[in-house]
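Convention: sequence-line order gives letters A, B, ...; per-chain numbering from 1.
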Number of protein chains: 2
Amino acid sequence: MVRAGLTTERVVQAGAELADDLGFAELTASTLARRLGVKVPSLYSHVGGTQDLRTRVALLALAELADRAALAVAGRSGKEALVALAESYRGYAREHPGRYAATRMRLDTATAMASAGPRHSQLTRAILRGYHLAEAEQNHAVRLIGSVIHGYIELESAGGFDHSLPDATESWNRALDVVDIALRNWP
Amino acid sequence: MVRAGLTTERVVQAGAELADDLGFAELTASTLARRLGVKVPSLYSHVGGTQDLRTRVALLALAELADRAALAVAGRSGKEALVALAESYRGYAREHPGRYAATRMRLDTATAMASAGPRHSQLTRAILRGYHLAEAEQNHAVRLIGSVIHGYIELESAGGFDHSLPDATESWNRALDVVDIALRNWP
DNA sequence: TGAATTACCTAAGCCAATTAGGCAACCCGG
DNA sequence: CCGGGTTGCCTAATTGGCTTAGGTAATTCA
């Protein structure tokens, strides 16, 4: 009997790939075991079950995305940084739709605190250094940026723009223009 | 044997209430049958199964929300209309979180076309009458409005704002201010 | 009132999730 | 090279959800 050589890391990695291929909702112990050529109970030595598997993929995705976003904003400021951050999210959502969906999964408080989630808001807040907002306004701005980016990606990936012109990317650029202008002339 | 007096409409209505109480993900033939005090197969005379049940709840929610939004924007224009539309979405999402989640479910093209979905984009487009955008820019604006509203509601309901100040409603008002200003001075 | 309709039921099959426990492949001290 | 411990993957078995088939009793209407 040839062993498959699984580890927790490899199982989670394969889970992320499966989610990208078939959708995050299809990520279960069953589908993943099939893809790995292994019986379902074999996964239980490496992950706690379907729920734990999904949580681990979510944590992986949050960390990957935070790394990508951090790289994108490094050395940039102002609108350039805003656009780079936004593009890193949109690019990740297009390349890895299952993982992006995983980042939207609700985590319990302790897990969320220990995840890369806080790095995301720190990065968004870092962008604001290039604009000059009063301290009290910064959280409002962080929330607006998050809403626009996540809202747009969600509508686009749900196919909301598929059957209407003009091109979705044009709308995306307009949305980022609007946010940039708003940050420079905060109400 | 006392009959429960189910109809398709009552089943779907109960499904919507269950989704609001326990979350849309918990809406299954099993949980709903338990709540209705009926055996699971009894539901199959009224709805096609779990998937069909969810689709019907989604269609109900889309229609309810479109009605509410239409009422909100009637007789208003400009920023007043924008705020009324946005508040109707946010209010619905707070009062009926399960139904709101249902509206985000992906429907196949034919079902989506026949649903109240198109009324939502028509209503958003109607708001733009109070602003004066070139025809070619209107779809960009519709998409921006949708992104901000849905993005904000999603982040808020996911608990993204729970552990940070200031109050979420203050950020919401700022976001709507930004959209209003953008629509009046479209880039 | 009796026959057609229909609302709900039981029975049964399939599949996913999970737990318990077994065997064989690998790892390492001798 | 070899024997013992460790561990990776297995089979078996339980539970519970989804769905279909088909039966029975309540309702309806001629």
Side-chain angles (χ1 to χ4, degrees), chain A residues 1-61 98-99 101-102 105-108 111, chain B residues 1-61 98-99 101-102 105-108 111:
Chain A
M1 182 187 309
V2 184
R3 289 193 182 184
L6 300 184
T7 63
T8 298
E9 196 180 62
R10 254 181 285 241
V11 167
V12 173
Q13 185 66 36
E17 285 158 20
L18 187 151
D20 287 338
D21 290 348
L22 307 181
F24 187 60
E26 296 304 310
L27 176 58
T28 65
S30 268
T31 54
L32 185 54
R34 251 192 303 277
R35 165 172 297 218
L36 288 169
V38 130
K39 299 295 175 181
V40 179
S42 303
L43 295 181
Y44 281 76
S45 334
H46 304 289
V47 296
T50 293
Q51 197 53 34
D52 180 54
L53 171 64
R54 289 195 176 135
T55 301
R56 286 171 189 271
V57 170
L59 293 174
L60 170 70
R99 294 178 216 209
M105 179 181 145
R106 199 148 185 191
L107 304 172
D108 64 82
T111 311
Chain B
M1 179 190 311
V2 184
R3 289 193 182 185
L6 300 184
T7 63
T8 298
E9 195 180 62
R10 254 182 284 242
V11 168
V12 173
Q13 186 65 36
E17 285 159 20
L18 186 150
D20 286 338
D21 290 349
L22 307 181
F24 187 60
E26 296 304 310
L27 176 59
T28 65
S30 267
T31 54
L32 184 54
R34 252 194 301 277
R35 164 172 297 218
L36 289 169
V38 127
K39 298 295 173 181
V40 179
S42 304
L43 295 181
Y44 280 76
S45 333
H46 304 289
V47 296
T50 295
Q51 197 54 34
D52 179 54
L53 171 64
R54 289 195 176 135
T55 301
R56 285 172 189 270
V57 170
L59 294 175
L60 170 70
R99 293 177 216 211
M105 180 180 144
R106 201 153 181 184
L107 303 172
D108 63 82
T111 310

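Rounded to an integer number of Å, the gap from CZ of B:R35 to C1' of D:dG17 is 18 Å. The CZ atom of A:R10 sits 15 Å away from the C1' atom of D:dC9 (whole-angstrom rounding). What separates CG of A:L36 from C1' of D:dC10 is a distance of 15 Å, to the nearest Å. As a whole-Å value, the separation of A:K39 NZ from D:dA13 P is 16 Å.
Within a 6.0 Å sphere centred on CD of B:E9, other residues, nucleotides and ligands contribute 12 heavy atoms or fewer.
A:Q13 is listed as a side-chain neighbour of A:L60, based on a closest heavy-atom distance under 4.5 Å. For the pair A:L36/A:L43, a side-chain contact is recorded, criterion being any heavy-atom separation below 4.5 Å from C-beta on. Side-chain atoms of B:T55 and B:V47, non-hydrogen and from C-beta on, never get closer than 4.5 Å to each other. No side-chain heavy atom of B:R34 sits less than 4.5 Å from a side-chain heavy atom of B:V40.
For the pair A:T50 (side chain) and A:T28 (backbone), a donor-acceptor distance under 3.5 Å is absent.
Side-chain nitrogen and oxygen atoms of A:S42 include none within less than 4.0 Å of the OP1 or OP2 phosphate oxygen of D:dG8. Taking 4.0 angstrom as the limit, A:H46 places a side-chain polar atom (N or O) nearer than this to OP1 or OP2 of D:dC9.
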All N/O pairs under 3.5 Å across the protein-nucleotides 16-19 of chain C interface:
residue, atom, partner, partner atom, Å
C:dA17, OP1, A:T50, OG1, 3.2
C:dA17, OP2, A:S30, N, 3.0
C:dA17, OP2, A:S30, OG, 3.1
C:dT18, OP2, A:Y44, OH, 2.5
C:dT18, OP2, A:T50, N, 3.0
C:dT18, O5', A:Y44, OH, 3.2

